[in-house]
Amino acid sequence: QEVFIGMERIRFVTDSAADIPRQWQEQLHIEVLPFTIAMENTEYQDGVDFGAQEFYETLQSLPYIPTHSQLNPMAFTQCYECYERAYQEGYGSLIYTAINAKGSSTYQNAVLARSQFYQEHPVAEKQFAIFVLDSGTYTMAYGYGVVLGARLAQEGKAAEECVQAIQNWIAHA
């Protein structure tokens with residue numbers, strides 16, 4: 001089941017730090033871009049190689065706190081490609097909600113990817129709206145805002161209304 005608004009389709013995207021349960025991701029068609037997390041000299045893709053429960057269990061046994069990198073240049077490419085894919089699939093809007101910009105450059109990378117996308121597809125700017133939101137927070141505190149936005153889209157709300165709902169949730173989280 002896709003998210004339709006009349007003839008408009010809205011794509012919801014976030015990063016794995018939003019901690020949205022897989023069931024909601026699938027049910028609401030939310031695309032999640034994985035962060036890379038380094039643990040014991042190995043890099044893992046958050047939400048791909050392990051889930052939240054496995055991460056916290058491993059965390060208890062480590063002598064240090066694992067590190068993560070923001071959606072790096074490879075992930076910048078992932079972000080650009082998700083814009084490209086949504087546009088090619090006929091979505092009218094894409095709403096990307098990123099982890100707190102004060103703690104990660106992921107938001108800025110998403111903005112740069114949007115800019116590059118529109119430079120390469122100038123016609124798309126009038127046909128395909130890309131909203132990039134700074135969550136200003138972490139974990140499900142912004143993940144739930146994405147879920148609310150996707151649910152509103154399923155009810156037939158316009159992209160701008162979904163964006164406003166996400167921003168309102170974030171402002172009060």
Check your understanding: Among side-chain atoms of Asp134 and Tyr142, is any donor-acceptor pair under 3.5 angstrom?
Key -> no
**Study point:** Non-hydrogen side-chain atoms of Leu28 and Gln154 separated by less than 4.5 Å
**Key:** yes
Review point. So how far is it from Gln164 CD to Glu160 CD, rounded to the nearest 0.5 Å?
Key: 10.0 Å
Check your understanding: Hey, are the side chains of Asn100 and Thr137 touching, using non-hydrogen atoms and a 4.5 Å cut-off?
Key -> no
Review point. What pair of heavy atoms forms the shortest contact from Asn168 to His172, and how long is it?
Key: O-ND1, 2.8 Å
Point to revise | Rounded distance [0.5 Å steps], OG in Ser104 versus CG in Asn109 | key: 7.5 Å
Review point. Got Ile10 and Tyr91 here, is their nearest side-chain heavy-atom distance under 4.5 Å?
Key: no
Review point. Ile99 and Ser135: which non-hydrogen atoms are nearest, and at how many Å?
Key: C-OG, 3.4 Å
Point to revise | Side-chain heavy atoms of Phe12 within contact of Glu31, under 4.5 Å | key: no
Exercise for review: Return yes when atom CD of Glu89 has more than 12 non-hydrogen atoms of other residues, nucleotides or ligands closer than 6.0 Å, and no otherwise.
Suggested key: yes
Practice item. State whether a side-chain donor-acceptor pair under 3.5 Å links Glu120 with Gln116. Key: yes
Practice item. Please report the shortest heavy-atom distance between Gly149 and Ile166, naming the atom on each side. Key: CA-CG1, 4.0 Å
Exercise for review: Report the distance from atom CZ of Phe131 to atom SG of Cys162, rounding to the nearest 0.5 Å.
Suggested key: 9.5 Å
Check your understanding: Does a side-chain heavy-atom distance below 4.5 Å link Ile170 with Thr97?
Key -> yes
Review point. Are Leu33 and Ser16 side-chain neighbours, meaning at least one heavy-atom pair lies under 4.5 Å?
Key: no
Review point. Does Trp24 use its side chain to pair, donor to acceptor, with the backbone of Tyr144 at less than 3.5 Å?
Key: no
Review point. If only atom types and distance count, is the side chain of Tyr118 paired as donor or acceptor with the main-chain N or O of Ile130 below 3.5 Å?
Key: yes
Revision key, fill the gap. Rounded to the nearest 0.5 Å, the CD1 atom of Ile95 sits from the OG1 atom of Thr14 at a distance of 11.5 Å
Review point. Can you find a pair of side-chain heavy atoms, one from Pro21 and one from Met140, that are under 4.5 Å apart?
Key: yes
**Study point:** CA sep, side-chain torsions, deciding dist, call: Val13, Leu94, side-chain contact (heavy atoms from CB on, under 4.5 Å)
**Key:** CA-CA 7 Å; Val13 181; Leu94 182 145; 3.9 Å; yes
Practice item. Fit a plane to each ring of Phe117 and Phe128, take the angle between them on a 0 to 90° scale, and name the class: parallel (under 30°), tilted (30 to 60°) or perpendicular (over 60°). Key: perpendicular
Review point. Can you tell me how far CG of Leu133 sits from OH of Tyr96, rounded to the nearest 0.5 angstrom?
Key: 10.5 Å
Point to revise | Distance-only donor-acceptor check, side chains Gln127 and His121, under 3.5 Å | key: no
Check your understanding: Is there side-chain contact between Pro34 and Gln78, with heavy atoms separated by less than 4.5 Å?
Key -> yes
**Study point:** Atom pair CG (Asp15) and SG (Cys79), whose distance is rounded to the nearest 0.5 Å
**Key:** 9.5 Å
